[in-house]
Amino acid sequence: MEYNFGEIEQKWQSYWKENGTYKTEIDKNKPKYYVLDMFPYPSGAGLHVGHPLGYIASDIFSRYKRLQGFNVLHPMGYDAYGLPAEQYAIQTGQHPLITTQKNIARYREQLDKIGFCYDWDREIRTCEPDYYHWTQWAFIQMFNHYFDSKLQKAQPVLELVKSFEKSGTENINAVCTEELTFTSEEWKAKTEKEQQEILLNYRIAYLADLKVNWCPALGTVLANDEVSEGVSIRGGHPVEQRVMRQWSLRVSAYAQRLLDGLDTIDWTDSLKETQKNWIGRSEGAEMKFQLKGQDVEFEIFTTRADTIYGVTFMVLAPESDYVKVCTTPEQASEVEAYLEQVKKRTERERISDRRVTGVFTGSYAINPVSGTEIPIWISDYVLAGYGTGAIMAVPAHDSRDYAFAKYFNLPIIPLIEGCDVSEESFDAKEGIMENSGFLNGMTVKEAIAAAKKYVDEKRIGRVKVNYRLRDAIFSRQRYWGEPFPVYYKDGMPYMLDESKLPLQLPEVDKFLPTEKGEPPLGRAKNWETEDHFPLELCTMPGFAGSSAYYLRYMDPKNDKALVSKEANEYWRNVDLYIGGTEHATGHLIYSRFWNKFLFDLGLVCEEEPFKKLINQGMIQGRSNFVYRIKDSNTFVSLNLKDQYETTPIHVDVNIVSNDILDVEKFKNWSPDYKSAEFILEDGKYHCGWAVEKMSKSMYNVVNPDDIVERYGADTLRLYEMFLGPLEQSKPWDTNGIDGVHRFLKRLWSLFYKDGSLLVNDEIPTADELKSLHKTIKKITFDIENFSYNTSVSAFMICVNELFGFKCSKKSILEPLVILLAPFAPHIAEELYQVLGNGTTVCDAQFPVCNEAYLVESSVKYPISFNGKVRFMLELPADMSKEDVEKTAMANEQTEKYLEGKSPKKVIVVPGKIVNIVI
RNA sequence: GCCCGGAUGGUGGAAUGGUAGACACGAAGGACUUAAAAUCCUUUGGCUUCACGGCUGUGCGGGUUCAAGUCCCGCUUCGGGUACCA
């Protein structure tokens, strides 16, 4: 019997489906293990060979855990809302739901062919009402809670209202957008509308006027992590700053907890570092500066309070509220012009063009420590959104201030002994202070502490911690997203009653904004409550649906709650999460925030959603080139191309094999090449190659379906793992795949030869047992360490050895097949059955290494001289150190290498090596 | 600029401080075959030698060590993240 992978794979995929092999239920008699893949956005292009990499890795781990007796939850679903389907809808009129369903069907078909052990009964799609019901529900909870900075957790807004009624803003610790002060009487005197407006200032989901990233091409706002270098990550469209009334989530309130939580989870250091930087905690001081001649104070934030004596000017962000106060009539027109100029610049221009710009307001401030007068400037290098939107400039010790001072000819006062600030600022926090009054003689470190203490004691400011992390803008002016469970009464937002959920996405005639410029939902008929209050027109962003999906998999059909207490307490959180690095500052921050919020409400039992996280590397493309001789239709082979003037042209990698072009296929590839001529080397056309991104335009996309068709899913799975370390990026090159395919065929040949079954019940030899148990040990270690490339090698070594032994013994082959089952489940099932088992290999027990079989009776010692290995000496494994040394020294070859000299030292590492130092 | 990763044969890669290049691809040679495919066997870092062998070799320059691809210091270079965050 031949290894007919096509037949075998179909057989077992049907078996798994019919027998519900991967159906998972709560089983309190077994320990749980939750393995999760980052669910995909189903794009129209389908899967290429890079996508399943992480899925295969997690599938191997899931199957391994199951074989070890764990009850494994391994679900899959779709991040179904997204811009591409909507852009397509705008162009073609096709409803995004249709596109999405079609793409999902295609994805599913492709995924099924690879033989994953997903429990598809738990599938979720973020665009389905049963699912987004709970996205809307969570939003309502966020609206109804505020963050208490003292308790460091979410609390009901009702409690806050009680507190306002009792004692106004006194004694409250609510994190807010803007500090407010009022008494209980003042609160009670306010209208309903005024009270609601005030409460928005505290809610975790709140509506506020914000400076947002507006993307005109997409017609929507974007979150910070959806913008990079001034353009949208999806589509690369320019983004500009705009003030708009938008829903936001007070993620920033959780900054400290998001930071602290990183210490409790098993993620890579680089990913933790990225999140730390994104959260951007900085300790400093907020200080008050008096405006000269007016009874106005304003606050700045600095981490270098020690440099207060070197402040030679102040800078306000163009958007700062202080701009109006500070601008004198004489400067008014100049300031006006500057603000206009700043407004016109897009974010991209601002980032790419680092020219120093700014304008003097005409006013001066008083240094609260030294009492000197300093000019107040406006410049867009100060950001409105960070700190207080105003800074004290210390040009001697801050490079940005330095550039500004040089440009506008402002004074620069050095504060550290011996520092040279004639060419550049001295930013390092080291040295001894000078020109700094009471701080003179201190080290910078001491001075920072002393200055903070001084600021605190003299009440000219306070010690303050700032975070770079901003609140997440949650409104999108788009159609294809979750509708907000929000209606408006008297211009104020109110939540729908939970019984009205899910609020379903309505139909619209076109997926474009209305004539009035409202979002597409403005086109929906009867988009209002039963009492005719208008509903919110924006929809939620992409990250809404992905922020709690891992919880829903635990209990996907529950119509009473996001997840039942029972399911949550059993499955708890994700033990292993595998996905790409691109989600480091988006999804992985938002879902941690979302989970912490639900944790505060007592709805989930674990504070961190993802215990261990692994980032699989990117699979890059490997492109092939042909070389066309200029102004001709003749193509010259790689090594002859330098004799001509040529243009390299991308050629479809699927018509190239081992860099040799299939000339006939090439001619049929495009009508232009029908009459192409070739200059060959030894009868072949050799192509050039390069590692590039895998993309259609490079003609280097490899489709997993094609690989499965040609080699089978097991070969694909093994080869993806064999390519290299999981976390490393590496190019896909189909050429090497024959190696793993041969391995499977060779494994098969241990079972069958010329159609007859070879398997027997003979007693295994010591060598065979050693080969098997060595492999068990290696595979177990490698799986635990996600070193799957070396596992595949270990399997190859084992099968090569058994092949050498002509071993077809059941007692060796059966454990081997179980060992291989996580990697190549189809062939493992088939061979497991061939061995006489009536159940699925998934329910077998993972073999355990017996060290007794690995004990060696002798060791081959490399004998080295000055570190250079000269010959080998086989000695008994239990020989003492002294005897090894004696034997080595007595060897006749040793004499030769000693060259008559006597050794200075002899190092013997038992079981390893002998080194003789001459 | 700052913060992370990398750099090993023609290629993908392996190596708890202890024989560098496991395992594979490719290539070369051979067996089987009318032939091809498939399969099997041998060789394969470079230089050198008829051969035994010798020299050299993990991006570059130093260092620690009996012993360094691996640890330390200083560079070069490629990739990723982030960027006026005061």
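Model, not experiment: these values are computed from the prediction. Proteins get letters first, then strands, A, B, ... in listed order; numbering begins at 1 in each.
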Response to the item:
So the salt bridge (charged side-chain N to carboxylate O under 4.0 Å, His left out) pairs with at least one residue in residues 776-797 of chain A (sequence neighbours excluded) are A:K777-A:E851, A:K778-A:D782

Discussion item. If I take atom NE2 in residue A:H686 and atom P in nucleotide B:A27, what distance separates them, rounded to the nearest angstrom?
Written reply: 9 Å

Practice prompt. Mind checking A:S270 for me? I need base, sugar-phosphate or nothing, with any heavy atom below 4.0 Å counting as a touch.
Written response: sugar-phosphate

Worksheet entry | Donor-acceptor side-chain pairing of A:N624 and A:N700 below 3.5 angstrom | no

Discussion item. Heavy atoms from C-beta onward define the side chain here; which of B:G26, B:A15, B:C23 lies closest to that of A:D738?
Written reply: B:G26

Fill in: From B:C23, B:A86, B:U82, nucleotide with atom closest to A:R468 side chain
B:U82

Worksheet entry | Heavy-atom donor-acceptor pair, A:K868 side-chain to B:U19 base, under 3.5 Å | no

Item to complete: Classify the nucleic acid contact of A:L723 as base, sugar-phosphate or nothing, counting any heavy atom under 4.0 Å across all strands shown.
Response: sugar-phosphate

Worksheet item: Are A:N277 and B:C2 close enough that a side-chain N or O sits under 4.0 Å from OP1 or OP2?
Response: no

Worksheet item: Taking atom P in both B:U8 and B:G1, what distance in whole Å separates the two?
Response: 24 Å

Fill in: A:K905 vs B:C66: side-chain N/O to OP1/OP2 distance below 4.0 Å
yes

Discussion item. Under 4.0 Å, counting only non-hydrogen atoms across every strand here, what does A:N466 touch: a base, just sugar-phosphate, or nothing?
Written reply: nothing

Discussion item. Within the 4.0 Å heavy-atom criterion, would you say A:Q728 contacts the bases, only the backbone, or no part of the nucleic acid?
Written reply: sugar-phosphate

Response to the item:
Winner on side-chain proximity to A:S793, out of B:C23, B:C40, B:G12, is B:C23

Discussion item. Any non-hydrogen side-chain atom of A:R304 less than 4.5 Å from a side-chain atom of A:V394?
Written reply: no

Item to complete: In whole angstrom, give the distance that lies between atom CG of A:N735 and atom P of B:C25.
Response: 11 Å

Discussion item. Within the 4.0 Å heavy-atom criterion, would you say A:N915 contacts the bases, only the backbone, or no part of the nucleic acid?
Written reply: base

Discussion item. B:A86, OP1 or OP2 - any side-chain N/O from A:Y386 closer than 4.0 Å?
Written reply: yes

Discussion item. Taking only the C1' atom of each, what is the distance from B:A67 to B:A31 in whole angstrom?
Written reply: 45 Å

Worksheet item: Say you pick atom P in B:G45 and the same atom in B:U11; how far apart are they, in whole Å?
Response: 14 Å

Item to complete: Determine the interatomic distance between P on B:U58 and the same-named atom on B:U19; round to the nearest Å.
Response: 16 Å

Worksheet item: Using the C1' atom in both, what is the distance from B:A20 to B:G9, to the nearest Å?
Response: 11 Å

Item to complete: Determine the contact category for A:I907: base if any of its heavy atoms lies under 4.0 Å from a base atom, sugar-phosphate if only primed atoms, P, OP1 or OP2 are that close, otherwise nothing.
Response: base

Item to complete: Specify the residue among A:M618 and A:G387 whose closest nucleotide of RNA chain B lies further upstream toward the 5′ end.
Response: A:M618

Worksheet item: Reckon A:V917 touches a base, only the sugar-phosphate, or nothing at all at heavy-atom distances under 4.0 Å?
Response: sugar-phosphate

Worksheet entry | B:G9, syn or anti by chi within 90 degrees of zero | syn

Worksheet item: Of the nucleotides B:G18, B:U82, B:A86, which has the atom closest to the A:S282 side chain?
Response: B:A86

Discussion item. By nearest atom, which of the nucleotides B:C23, B:A86, B:U19 is closest to the A:F722 side chain?
Written reply: B:C23

Worksheet item: Can you find a side-chain donor-acceptor pair between A:S282 and A:Y386 that sits under 3.5 Å?
Response: yes

Practice prompt. For B:C60 and B:U76, measure between their P atoms and round to the nearest Å.
Written response: 15 Å

Worksheet item: Rounded to whole angstrom units, what separation is found between the CG atom of A:D659 and the P atom of B:G10?
Response: 15 Å

Practice prompt. Return yes if a side-chain donor-acceptor contact under 3.5 Å exists between A:T715 and A:H741, otherwise no.
Written response: yes

Discussion item. Could you tell me how far apart A:Y711 (OH) and B:A38 (C1') are, to the nearest whole angstrom?
Written reply: 13 Å

Worksheet item: How close or far is atom P of B:U82 from atom NZ of A:K276, stated in whole angstroms?
Response: 18 Å

Item to complete: Establish, from distance only, whether the side-chain atoms of A:E692 and A:S623 form a donor-acceptor pair under 3.5 Å.
Response: yes

Item to complete: Looking at every strand, decide which applies to A:F743 at a 4.0 Å heavy-atom threshold: base, sugar-phosphate, or nothing.
Response: nothing

Item to complete: May I have the distance from A:D306 (atom CG) to B:A86 (atom P), rounded to whole angstrom?
Response: 14 Å

Discussion item. Closest approach to the side chain of A:V909, judged atom by atom: which nucleotide of B:A15, B:G18, B:G12 is it?
Written reply: B:G18

Worksheet item: If we ignore angles and hydrogens, is there a donor and acceptor under 3.5 Å between the side chains of A:Q256 and A:Y467?
Response: yes

Item to complete: Would you indicate, yes or no, if B:G53 has its OP1 or OP2 atom less than 4.0 angstrom from a side-chain nitrogen or oxygen of A:R870?
Response: no

Worksheet item: Is it the case that A:S425 and A:D398 place a side-chain donor and acceptor less than 3.5 Å from each other?
Response: no

Discussion item. Under 3.5 Å for both pairing distances: what stems, at least three Watson-Crick or G-U pairs long, include RNA chain B?
Written reply: B:1-7 with B:76-82, B:10-12 with B:23-25, B:26-31 with B:39-44, B:45-48 with B:53-56, B:59-63 with B:71-75

Item to complete: Rounded to whole angstrom, note down the P distance from B:C52 over to B:A15.
Response: 31 Å

Worksheet item: Base, sugar-phosphate alone, or nothing: which one does A:Y897 contact when heavy atoms must sit under 4.0 Å apart?
Response: sugar-phosphate

Fill in: Side-chain H-bond candidate by donor/acceptor type, A:Y685 with A:D662, under 3.5 Å
no

Worksheet entry | P atoms of B:G17 and B:G6, separation to the nearest Å | 15 Å

Discussion item. From the set B:C41, B:A86, B:U19, return the single nucleotide nearest to any side-chain atom of A:V382.
Written reply: B:A86

Discussion item. Please pick, from B:A24, B:U82, B:C25, the nucleotide with the shortest atom-to-atom distance to any side-chain atom of A:N658.
Written reply: B:C25

Worksheet item: Has A:K745 got a side-chain N or O lying under 4.0 Å from the OP1 or OP2 atom of B:U39?
Response: yes

Response to the item:
Residues at least two apart in sequence or cross-chain that pass side chain to side chain donor-acceptor pair (under 3.5 Å) with A:N654, listed by chain then number, are A:D652

Practice prompt. For A:K904, answer base if it contacts any base atom (sugar-phosphate contacts may also be present), sugar-phosphate if it contacts only those atoms, and nothing otherwise; contact means non-hydrogen atoms under 4.0 Å.
Written response: nothing

Worksheet item: When you match A:G724 and A:W278 each to their closest nucleotide on RNA chain B, which lands nearer the 5' end?
Response: A:G724

Worksheet item: NA contact type, A:M872, heavy-atom cut-off 4.0 Å: base, sugar-phosphate, or nothing?
Response: base

Worksheet, complete the sentence: Of the listed B:G13, B:A24, B:G81, the closest approach to the A:N800 side chain comes from B:A24

Item to complete: Taking only the side-chain heavy atoms of A:T274 (C-beta and beyond), determine which of B:G81, B:G13, B:A22 contains the nearest atom.
Response: B:G81

Worksheet item: Going through the checks in order, is the ring-ring contact (aromatic ring centres under 6.0 Å, His included) test met by A:F404 and A:F313?
Response: CA-CA 10 Å; A:F404 194 84; A:F313 57 101; 5.4 Å; yes

Discussion item. Looking at A:R742, I'd like to know whether one of its side-chain N or O atoms comes within less than 4.0 Å of OP1 or OP2 on B:G26.
Written reply: yes

Worksheet item: Does A:S864 put a side-chain nitrogen or oxygen below 4.0 Å from OP1 or OP2 of B:U19?
Response: no

Practice prompt. Just say parallel, tilted or perpendicular for the rings of A:F871 and A:F865, cut-offs at 30° and 60°.
Written response: tilted

Fill in: Presence of A:N615 side-chain N/O under 4.0 Å of B:G5 phosphate oxygens OP1/OP2
no

